[in-house]
Amino acid sequence: MLALDIPHSTSTSELTKAKQVLVVEDEELIREMIVLALEEEGYEVFSAGDGATALSMLQDTDQTGYSVDLLILDLMLPQVNGLDLCRLLRYRGNPIPILILSAKASETDRVLGLEVGADDYLTKPFSMRELIARCRALIRRQHLNGMTPTPVQQFREIKLYPQECRVMVRGEDVNLSPKEFRLLELFINNPRRVWSREQLIDQVWGMDFVGDTKTVDVHIRWLREKLEEDPSKPEYLITVRGFGYRFG
């Protein structure tokens, strides 16, 4: 059962900027409790009970230009399961932050969720207080990026346009998720510096990140697949064994 410690709205000024959240959960009681908790914190919340309905809702927002700021996604869904929905959104280049909810608590399950494109993973049972904290952190990281105008940044065959959140590699545009973009921006601004997983978490996810540091390895692998001509022999994102990663 979920712990019903729904926090009272004590600091909504930050959260009212978060705008819309889509909750996809097939258990009606859990879905209603999450919606209630988020609404009390100032979010505008929409919900769906299966993956197909959620996908349709997200496609409608793409066509109308309406923006969803966060997707809270259960894995065990009817019609289209959560992993497939997450994988499909990332394949289509949708950068929406995704928080997975699941009763599957093993390390393998958590890593799989991150590998298919989730930004965070929360296991059931969970407290509403922790859920709200994770939502707040994900949305804050999403909206703080790109506030200060910066000229184009280039490293060899990679060009990064901070104001446009756009990256070109060898003359072609590549689609990066928000976390991938922020990682690349950090690396390209600090060539040859070695970063540990913990340092990258602090810089990109934030010091209030709650989760597995292996998410860094997952995002590095995704970046290699998009930046490197041969990801198995990287020229840009280099592993420094025992220490972390460096760029160039």
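For the single chain, residues carry numbers from 1 onward in sequence order.
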[atom1]/[X] to [atom2]/[Y] distance, rounded to the nearest 0.5 angstrom?
{"X": "Ile220", "Y": "Glu180", "atom1": "CD1", "atom2": "CD", "value": "9.5 Å"}
{"X": "Lys104", "Y": "Leu83", "atom1": "NZ", "atom2": "CG", "value": "7.0 Å"}
{"X": "Trp222", "Y": "Leu237", "atom1": "CH2", "atom2": "CG", "value": "14.5 Å"}

4.5 Å side-chain heavy-atom contact, [X] and [Y]:
{"X": "Met57", "Y": "Phe46", "result": "yes"}
{"X": "Asp173", "Y": "Val167", "result": "no"}
{"X": "Ser102", "Y": "Thr123", "result": "no"}
{"X": "Ile158", "Y": "Met168", "result": "no"}

I'd like to know if the side chain of [X] and the backbone of [Y] have a donor-acceptor N/O pair within less than 3.5 Å.
{"X": "Asp74", "Y": "Val24", "value": "no"}
{"X": "Asn189", "Y": "Glu185", "value": "yes"}
{"X": "Arg134", "Y": "Leu122", "value": "no"}
{"X": "Thr239", "Y": "Arg241", "value": "no"}

Open item on the list: Looking only at the side chains, is there a donor atom on one of Thr215 and Asp212 sitting less than 3.5 Å from an acceptor on the other?
Closed with: no
Open item on the list: For Tyr161, does the six-membered ring have the charged nitrogen or CZ of Arg166 within the cation-pi criterion, i.e. under 6.0 angstrom from the centroid and within 45° of the normal?
Closed with: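 Because its charged atom sits under 6.0 Å from the ring centre and within 45° of the axis, Arg166 does stack over Tyr161.
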For residues [X] and [Y], report the shortest heavy-atom separation together with the two atoms involved.
{"X": "Leu58", "Y": "Ile96", "answer": "CD2-CD1, 4.4 Å"}
{"X": "Ala54", "Y": "Ala48", "answer": "N-CB, 3.9 Å"}
{"X": "Leu183", "Y": "Trp205", "answer": "CD1-CH2, 4.1 Å"}

Taking a hydrophobic cluster as the set of Ile, Leu, Val, Met, Phe, Trp and Tyr residues connected by side-chain heavy atoms closer than 4.5 Å, whether directly or through intermediates, do [X] and [Y] fall within one such cluster?
{"X": "Val218", "Y": "Phe247", "answer": "no"}
{"X": "Val111", "Y": "Tyr245", "answer": "no"}
{"X": "Leu223", "Y": "Leu114", "answer": "no"}

Task: More than 12 heavy atoms of other groups within 6.0 Å of Lys159 NZ - done: no
Open item on the list: Can you confirm whether Glu28 is buried at CD, in the sense that more than 12 heavy atoms of other residues, nucleotides or ligands lie under 6.0 Å from that atom?
Closed with: no
Open item on the list: Between the side chains of Asp50 and Arg31, is the shortest nitrogen-to-carboxylate-oxygen separation below 4.0 Å, so that they form an ion pair?
Closed with: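 No, Arg31 and Asp50 are not salt-bridged.
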Task: Residues Lys233 and Glu228 bridged, charged N to O under 4.0 Å - done: no
Open item on the list: Test: salt bridge (charged side-chain N to carboxylate O under 4.0 Å, His left out). Region: residues 187-201. Which pairs qualify, not counting sequence neighbours?
Closed with: Arg197-Asp217
TODO: Please list all pairs passing the salt bridge (charged side-chain N to carboxylate O under 4.0 Å, His left out) test where one or both residues lie in residues 80-89, with sequence neighbours left out.
DONE: Asp84-Arg87
